[in-house]
Amino acid sequence: MSQSTTVTPFEVGAMSAIVGAGIGYALAPRKYNLEQLLTIEPDVFEKSLPQKSFVKASDAQRIARDAITKARDAVIKAAKKNEAEDKIRDFLKSAELDDAYKAIKSFLPKARLQSAVVLGIIGGAIGSIAKIIHDQKNV
């Protein structure tokens with residue numbers, strides 16, 4: 001007598017999501033570093049350091065966010081002239097921006113959490129779709 005169990009696409013998707021989240025968490029950096037803050041997309045930057053979060057922040061932290069925002073704008077302008085790498089290198093050597101980064105570091109969300117969520121969602125979707133396709137081929 002043989003026993004067989006079936007696994008639903010939801011179960012495969014859930015397991016794939018858990019595995020994907022684990023991989024995303026393990027491979028992601030703890031927090032964004034200064035170079036990443038200067039080069040990430042504007043919407044990601046705003047989600048990482050929303051202006052609303054700095055309403056209750058100290059003056060030094062608000063000034064630090066403004067300094068990093070101005071540096072980002074300068075990098076964007078330099079990119080139009082193909083000089084972004086030089087500009088980033090100069091900013092990374094800047095003691096002022098280094099101090100600004102240290103002042104706002106506590107506001108940065110964990111990049112690990114974001115990566116885990118993204119890879120978990122992708123893994124779950126791929127796992128579920130693969131299971132559905134596999135089941136249809138075996139029908």
Side-chain angles (χ1 to χ4, degrees):
M1 210 157 81
S2 71
Q3 294 179 352
S4 69
T5 58
T6 58
V7 180
T8 66
F10 174 77
E11 293 169 329
V12 172
M15 276 311 294
S16 298
I18 291 170
V19 170
I23 291 171
Y25 184 82
L27 296 180
R30 283 192 152 296
K31 291 189 179 209
Y32 292 119
N33 61 30
L34 180 58
E35 183 176 4
Q36 290 169 325
L37 283 179
L38 294 175
T39 58
I40 57 176
E41 295 296 320
D43 60 329
V44 177
F45 178 77
E46 190 57 38
K47 287 178 186 174
S48 298
L49 291 170
Q51 188 71 35
K52 294 180 210 174
S53 299
F54 286 84
V55 171
K56 296 179 183 177
S58 69
D59 288 338
Q61 290 169 327
R62 282 194 293 274
I63 291 169
R65 185 187 187 279
D66 290 341
I68 290 175
T69 303
K70 287 177 186 175
R72 286 176 47 78
D73 293 340
V75 169
I76 291 169
K77 288 178 185 175
K80 293 177 183 175
K81 300 176 187 175
N82 290 329
E83 300 171 354
E85 291 180 17
D86 295 333
K87 193 59 115 173
I88 291 170
R89 193 173 330 117
D90 292 342
F91 283 142
L92 292 177
K93 292 178 185 176
S94 166
E96 177 187 339
L97 273 184
D98 191 45
D99 292 341
Y101 174 74
K102 289 176 184 173
I104 64 163
K105 193 173 183 179
S106 63
F107 284 90
L108 290 171
K110 302 265 186 206
R112 284 187 167 186
L113 179 61
Q114 292 173 349
S115 295
V117 169
V118 169
L119 284 179
I121 291 169
I122 292 170
I126 290 172
S128 294
I129 291 168
K131 177 64 176 165
I132 291 169
I133 292 170
H134 181 268
D135 286 349
Q136 287 184 1
K137 284 184 178 180
N138 290 337
V139 171

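The model shown is predicted, which means the values in this text are computed figures rather than measured ones.
M15 and L119 are members of different hydrophobic clusters when ILVMFWY side chains are connected at heavy-atom separations under 4.5 Å. I63 and I68 fall into different hydrophobic clusters, where Ile, Leu, Val, Met, Phe, Trp and Tyr residues are linked whenever their side-chain heavy atoms come under 4.5 Å apart, directly or through other members.
Of all the heavy atoms in V12 and G127, the pair that sits closest is CG1-O, 3.3 Å. Of all non-hydrogen atoms in S16 and G123, the two that sit nearest each other are CB-O, 2.9 Å. Residues I40 and L37 come closest through the heavy atom pair CG1-O, 3.8 Å. Minimum heavy-atom separation, A67 to A100: CB-CB, 4.4 Å. Across every non-hydrogen atom of Q61 and I104, the tightest pair is O-CG2, 3.6 Å.
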Could you list the donor-acceptor pairs under 3.5 angstrom formed by side chains in residues 74-85, with sequence neighbours left out?
none

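Residue T39 holds its OG1 atom at 12.5 Å from CZ of F91, rounded to the nearest 0.5 Å. Between the CG atom of D73 and the CG atom of L38 there is a distance of 10.5 Å, given to the nearest 0.5 Å. The CG atom of N33 sits 9.0 Å away from the NZ atom of K105 when rounded to the nearest 0.5 Å. For the atom pair NZ (K102) and CG (D98), the distance works out to 4.5 Å, reported to the nearest 0.5 Å. The distance from atom CD1 of I88 to atom CZ of R72, rounded to the nearest 0.5 Å, is 10.0 Å.
Under the 4.0 Å criterion applied to side-chain N and carboxylate O atoms, E46 and R65 are assigned as salt-bridge partners. Salt bridge present: D86 and R89 bring a charged side-chain N and a carboxylate O closer than 4.0 Å.
For I132, the side-chain contact (heavy atoms from CB on, under 4.5 Å) partners two or more places apart in sequence, or in a different chain, are P9, Q136. Under the salt bridge (Lys or Arg N to Asp or Glu O under 4.0 Å) criterion, K131 pairs with D135, sequence neighbours left out.
Screening residues 38-87 for ring-ring contact (aromatic ring centres under 6.0 Å, His included) gives F54-F107 as the qualifying pairs, with residues at least two apart or on separate chains.
I122 forms part of a hydrophobic cluster together with V118, I126, judged by ILVMFWY side-chain heavy-atom separations under 4.5 Å. The other members of the hydrophobic cluster of I129, by chain and number, are I133 (side-chain heavy atoms under 4.5 Å, ILVMFWY only).
Counting only heavy atoms from C-beta outward, the side chains of S58 and R62 never approach each other to under 4.5 Å.
Within 6.0 Å of atom CD in E96, 12 or fewer heavy atoms from other residues, nucleotides or ligands are found, so the atom counts as exposed in its surroundings.
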